[in-house]
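Any value given below was found using the heavy atoms of this structure, including those in side chains, with hydrogens, waters and symmetry copies removed. Naming: A, B, ... by sequence-line order, numbering from 1 per chain. Computed from a predicted model, the values in this text were never measured in an experiment.
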Number of protein chains: 2
Amino acid sequence: MSVTPPPSRLRSLKAVLPSSAVPDGTRRRILEAALQLFASRGFHGASIRDLATALELRPSALYAHFPSKEHVLAELVRMGHEAHHEGLRTALLGAGSEPIEQLRALVRAHTLLHANHPQLAVVVNEEIHVLPPELAAPSLALREQSAALLHAVIERGRAQGVFSVPHAGVTAAAISTLGLRLPYWYEPSAALDVDMLADLHVELSLRMLGVQGPPAPVS
Amino acid sequence: MSVTPPPSRLRSLKAVLPSSAVPDGTRRRILEAALQLFASRGFHGASIRDLATALELRPSALYAHFPSKEHVLAELVRMGHEAHHEGLRTALLGAGSEPIEQLRALVRAHTLLHANHPQLAVVVNEEIHVLPPELAAPSLALREQSAALLHAVIERGRAQGVFSVPHAGVTAAAISTLGLRLPYWYEPSAALDVDMLADLHVELSLRMLGVQGPPAPVS
DNA sequence: GGTATCTGAACGAACGTTCGTTTCGCAAGG
DNA sequence: CCTTGCGAAACGAACGTTCGTTCAGATACC
């Protein structure tokens, strides 16, 4: 019933930052190494010395780029939430005015972001709690905005009669969850690449919303 | 798009062990306090001294009951997996032979377990990685067995033509995920109690499996 | 009088962080 | 062309604290 054990991928795969806003250099190298370490061992499980070792630096060198270990995490969490929100917003902008198309765009973007940046998804969702409130607040605000995008689309579709859903809140949570758990079981492969996965999540989401899918099963 | 921020509930609610297999006494008190601490701060974020303080004991006293901090976690993880697997197995046994009824039983049990024991769900799913392989292995084996139960039901329903699903693996993951993310957003209330929630998850699962739900939306 | 439980003190190791010094690329001055 | 000075970056050593754990002795119960 549970899902396959967490993949070694989070441990082994090179972490990649989604944002091009961070210029190359040591600061970016630190963020990428920290992303990998925090994703695989957790914030408390990865020490400054581990991070320095991965970078072939001495621990003290890190403090020329970040004021503390917590600020490294805060920066990752902030970048993750911003990339996520921006991805959803952009997808929605290009999706026309039909609720079904809008939902398709949101679910696709949500799934692609989580499938392509699993480490960032894990850090954003599991380690944000260790941040003091003032460092977590901006990210939490973005999170609510992203949730509001989905709720608005579902509510509009329901008002128009194209969605028929037993409970809007639980259904919205279910749709979000499809993407959120991806890093824990999904690995891209030829048999199931990220694009097919996104399509499948769109199909599952529409089914939950009571929209008739294609008459013949895809596979 | 994301889901509401993690509830204070994991921090504040008294942790309750699902299993009656652990007799009352200090050992049980340790497990319950550790469950609460590990769920709210993570294994590495909660120290032996924190645990002793919560129990009004001195750190050294814990070592009369467990050989190490890791063994406390290992016991929690083992109990969680065992309660989960046992819950699913029992539910399936009382569900007759129809795939739809079997799926309803599995999803109900899965949802109820996660909704009623959110701390244990969190610890089981997030902290199992810190265990050395030999301590994690029994739990991982149980996890695979539980996953197999769901897969078998879905495959049988598909073979009988009552389920129509674009991709069995992704759909199974989606159904599992419904429960797995519950601790992060759900709080029982009169407006949405655990029983309603389980029914909703059953309905969403059946929709994903292409089963016609009740003609009129429930709410 | 043993057995189970807890205390108090201590252990070495690892933690995040600080700080004075060194290294190095590079632009300006003679 | 060589020297000088400078700022950024990294080093090396150390700081005070907290970590998980050990152990001899006190206490209480059957």
Side-chain angles (χ1 to χ4, degrees), chain A residues 17 22-78 123 126-136, chain B residues 21-78 123 126-136:
Chain A
L17 293 176
V22 181
D24 283 358
T26 304
R27 185 181 165 89
R28 175 168 199 134
R29 287 184 59 232
I30 293 176
L31 286 172
E32 285 176 343
L35 177 54
Q36 162 141 273
L37 279 175
F38 292 168
S40 66
R41 303 193 214 164
F43 177 76
H44 288 303
S47 71
I48 285 282
R49 284 169 176 82
D50 294 335
L51 184 53
T53 299
L55 291 161
E56 298 188 274
L57 286 176
R58 258 29 72 187
S60 52
L62 304 177
Y63 289 86
H65 303 273
F66 291 91
S68 78
K69 186 188 174 192
E70 259 183 1
H71 281 79
V72 178
L73 174 62
E75 179 69 4
L76 287 173
V77 168
R78 193 197 56 79
V123 168
E126 291 195 5
E127 308 297 343
I128 191 176
H129 318 108
V130 324
L131 291 178
E134 69 270 18
L135 284 180
Chain B
V22 181
D24 285 357
T26 305
R27 183 182 166 89
R28 176 169 200 134
R29 286 183 61 231
I30 293 175
L31 286 172
E32 286 175 343
L35 177 54
Q36 162 142 274
L37 279 175
F38 292 168
S40 65
R41 303 192 215 164
F43 177 76
H44 288 304
S47 71
I48 286 282
R49 285 168 175 82
D50 294 335
L51 184 53
T53 299
L55 291 161
E56 299 188 274
L57 285 177
R58 257 35 67 189
S60 52
L62 304 178
Y63 289 85
H65 304 272
F66 291 92
S68 78
K69 185 189 176 194
E70 259 183 1
H71 281 79
V72 178
L73 174 62
E75 178 69 5
L76 287 173
V77 168
R78 193 197 56 81
V123 168
E126 290 195 6
E127 309 296 343
I128 190 177
H129 318 107
V130 324
L131 291 178
E134 70 270 17
L135 284 180

*Let me know the distance between CG of L57(A) and P of dT23(C), rounded to the nearest Å.*
17 Å
*Give a yes/no on whether any side-chain N or O of S68(B) is located under 4.0 angstrom from OP1 or OP2 of dG20(D).*
no
*Which is it for R29(B) and E56(B) under the salt bridge (Lys or Arg N to Asp or Glu O under 4.0 Å) test, yes or no, and what are the steps along the way?*
CA-CA 11 Å; R29(B) 286 183 61 231; E56(B) 299 188 274; 5.7 Å; no
*Verdict with reasoning, R41(B) to D50(B), per salt bridge (Lys or Arg N to Asp or Glu O under 4.0 Å)*: CA-CA 11 Å; R41(B) 303 192 215 164; D50(B) 294 335; 3.1 Å; yes
*To the nearest angstrom, how far is D50(A) atom CG from dC15(C) atom P?*
6 Å
Distance-only criterion, 3.5 Å: show the donor-acceptor pairs between side-chain atoms of residues 57-67 of chain B and protein atoms not counting sequence neighbours.
none

*Check every strand shown and say whether S60(B) touches a base, only sugar-phosphate, or nothing at a heavy-atom separation below 4.0 Å.*
base
*Round to the nearest Å and state the distance from Y63(B) atom OH to dT22(D) atom P.*
7 Å
*How would you label the contact of I48(B) with the nucleic acid (heavy atoms, under 4.0 Å): base, sugar-phosphate, or nothing?*
base
_Integer-rounded Å distance: dC11(D) P and R49(A) CZ_ = 14 Å
*asked:* Can you measure R27(A) atom CZ to dA8(D) atom P for me and round it to whole angstrom units?
replied: 15 Å
*Expressed in angstrom and rounded to an integer, what is the separation of K69(B) atom NZ from dC19(D) atom C1'?*
8 Å
*For R58(A) and dG20(C), give me the distance from atom CZ to atom C1', rounded to whole Å.*
18 Å
_K69(B) side-chain N/O to A46(B) backbone N/O, donor-acceptor pair under 3.5 Å_ = yes
*Give a yes/no on whether any side-chain N or O of H65(B) is located under 4.0 angstrom from OP1 or OP2 of dA4(C).*
no
*Phosphate-side-chain proximity, S47(B) and dT18(D), N/O vs OP1/OP2 below 4.0 Å*: no
*Value in whole Å for how far the C1' atom of dA10(D) lies from CG of L51(A)*: 15 Å
*Contact check, side chains of L31(A) and L35(A), non-hydrogen atoms, under 4.5 Å*: no
*Nearest of dT7(C), dG20(D), dG16(C) to any side-chain atom of A61(B)?*
dT7(C)
